[in-house]
Amino acid sequence: MPIVETRDLVKIYKMGDAIVRALDGLNLQVERGEFMAIMGRSGSGKSTLLNLLGCLDSPTSGQVIIDGVDITKLKKSQLPKIRREKIGFVFQHFNLLPTLTALENVMLPLKYSGVKGSERKARAMEALRQVGLEHRAHHRPAQMSGGEQQRASVARAIVTKPAIVLGDELTGELDSKTSRAVVQLLREFNRATKQTFILVTHDPAVAEQTDRVVHLMDGKVESEEIHLPEGKDEFVE
C-alpha cells in the first residue's frame, strides 16, 4: 500500500472574481521509502500539493491518504496530530526561530509531541549529531551559515522520526556545493531509515539525486522520470 496517495485531487482558489484551479484532478502514489522529487513551472501546483500532503490545507475535492489514513475525512482539529506523528518539514527559508539556539529549535517538535524535557534534549542532540551539527548546538541561527541552518532544519524535521519528510525548495537559499551536500544527507537518512522523502524543487541538480521525478503541469501529473540504479533513466508519459 502506498504511504501517500492522492485521488482526483482538486484545489480551487478564488482570487477576486477569478477562479484558479491549482490542482485539477491530480492522481499520485508514493511508495514507502521512496526518495522523490516534484517539479514543474511556477503555477503548476507544486506548493499547493505539498501543503495538502502536509495537512496544512484542505482540498476542494478528492482524497489525500497518508499512511493509510484518508485525511480528507478528518476534522480540522485532528490534522495537527497527523502532522506531529507522521510528517517532518524542511523549508527553503529554514524557518528557525531566531531567538532560540539550534538545540532549542530542534527540541520544539518533541515538545509539541509531549516528550519530556530530558528526553527532548537527548533526542535533539542526537539529531544534531546525525547532521554533523552538534558543535553548533548552542548557536543561534544568525551565528550559523546557510548550510548549517538548513542542517539544523533537517535535524528538526527528522527528530520525531516521521514516516514522511516533505521538502519545499529546501536548497533555494544554498550554493550548489552546499545544496548537493544537504540532499546527499537526506538521501543517507532515506537509505538508513526507509523514511519517505518528497522534495519540491525547481533545481534539476536536486532532482537528479532522487529515485523518481514527477513533473506537474496545470495541476496534473504531466510525466515521470524513473532513475534506475544502473544510471539509465526511464521516462514515463
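Residue numbers run from 1 in the order of the sequence given. The shown structure was predicted, so the numbers you read here are calculated from the model rather than taken from an experiment. What's counted below: heavy atoms across the whole structure, side chains too, no hydrogens, waters or symmetry copies.
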Asks: Once you round to the nearest 0.5 Å, how far does CE of M144 lie from OG1 of T101?
Replies: 8.5 Å

Asks: If you define the side chain from C-beta out and look only at heavy atoms, does anything of I87 sit under 4.5 Å from L53?
Replies: no

Asks: Looking at T6 and L26, would you say the former's side chain and the latter's main chain have a donor-acceptor pair under 3.5 Å?
Replies: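 Yes, because the side chain of T6 sits within donor-acceptor range (under 3.5 Å) of the backbone of L26.
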
Asks: Spell out, as yes or no, whether a donor-acceptor pair under 3.5 Å connects the side chain of T201 to the backbone of V206.
Replies: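 Answer holds: no.
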
Asks: Looking at E225, E222, R41, K220, which hits side-chain hydrogen bond (donor to acceptor under 3.5 Å, both in side chains) with H215?
Replies: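 The passing option is E225.
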
Asks: Between the main-chain N or O of D70 and the side-chain N or O of Q63, is there a donor-acceptor pair closer than 3.5 Å?
Replies: no

Asks: Decide yes or no for N27 and D8: does some side-chain heavy atom of the first lie under 4.5 Å from some side-chain heavy atom of the second?
Replies: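 They are in contact (side-chain heavy atoms under 4.5 Å apart), so the answer is yes.
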
Asks: Any side-chain heavy-atom pair from V154 and F189 closer than 4.5 angstrom?
Replies: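 They are in contact (side-chain heavy atoms under 4.5 Å apart), so the answer is yes.
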
Asks: Backbone N or O of E134 within a donor-acceptor pair of the R129 side chain at under 3.5 Å?
Replies: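 Side chain of R129 to backbone of E134: no pair is present.
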
Asks: Keeping to residues at least two apart or across chains, list the ring pair (Phe, Tyr, Trp, His ring centres under 6.0 Å) pairs with something in residues 80-100.
Replies: F89-F91

Asks: So do V90 and L199 actually touch side chain to side chain, heavy atoms under 4.5 Å?
Replies: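 Contact flag for L199/V90 side chains = no.
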
Asks: Any side-chain heavy atom of Q195 within less than 4.5 Å of one from N190?
Replies: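 No. Closest side-chain heavy atoms not under 4.5 Å.
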
Asks: Taking the side chain as C-beta and beyond, is there a heavy-atom pair between I3 and K86 under 4.5 Å?
Replies: no

Asks: Not counting sequence neighbours, list each pair that qualifies as a ring pair (Phe, Tyr, Trp, His ring centres under 6.0 Å) and has a residue in residues 141-167.
Replies: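 Not a single pair qualifies under ring pair (Phe, Tyr, Trp, His ring centres under 6.0 Å).
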
Asks: Any heavy-atom pair between the side chains of L23 and L52 that's under 4.5 Å?
Replies: yes

Asks: Taking K11 for its side chain and R21 for its backbone only, find out whether a donor-acceptor pair lies under 3.5 Å.
Replies: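 No: the side chain of K11 does not pair with the backbone of R21.
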
Asks: Ring pair (Phe, Tyr, Trp, His ring centres under 6.0 Å): which pairs involve residues 133-180, sequence neighbours left out?
Replies: none

Asks: Please, which pairs that meet ring pair (Phe, Tyr, Trp, His ring centres under 6.0 Å) have at least one residue in residues 23-64, sequence neighbours excluded?
Replies: F35-F197

Asks: Looking at Y13, I want to see if its OH is surrounded by more than 12 non-hydrogen atoms of other residues, nucleotides or ligands under 6.0 Å.
Replies: yes

Asks: Inspect the contact between D67 and R32 and indicate whether a charged nitrogen and a carboxylate oxygen are less than 4.0 angstrom apart.
Replies: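 D67 and R32: salt-bridged.
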
Asks: Taking the side chain as every heavy atom from C-beta outward, state whether E224 and R212 have any pair of such atoms under 4.5 Å apart.
Replies: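 Of all side-chain heavy-atom pairs linking R212 with E224, at least one is under 4.5 Å.
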
Asks: Pairing donors with acceptors under 3.5 angstrom, does anything connect the side chains of H227 and Q209?
Replies: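 Absent: no donor and acceptor within the cut-off.
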
Asks: Okay, side chain of E169, backbone of H202: is any donor-acceptor separation there less than 3.5 Å?
Replies: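 Flag set: sc E169 to bb H202 pair under 3.5 Å.
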
Asks: Between R151 (side chain) and V131 (backbone), is there a donor-acceptor pair under 3.5 Å?
Replies: yes

Asks: When you measure from the side chain of N105 to the backbone N and O of L100, does any donor-acceptor pair fall under 3.5 Å?
Replies: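 A pair under 3.5 Å: yes.
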
Asks: Not counting sequence neighbours, which residues clear side-chain hydrogen bond (donor to acceptor under 3.5 Å, both in side chains) with E119? List them please.
Replies: R123

Asks: Using the salt bridge (charged side-chain N to carboxylate O under 4.0 Å, His left out) rule, collect all pairs that involve residues 179-195, keeping only residues at least two apart or in two chains.
Replies: R180-E208, R187-D211

Asks: Look at the side chain of Q143 and the backbone N and O of R140, then say whether any donor-acceptor pair between them is shorter than 3.5 Å.
Replies: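 Between the backbone of R140 and the side chain of Q143 there is a qualifying donor-acceptor contact (under 3.5 Å).
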
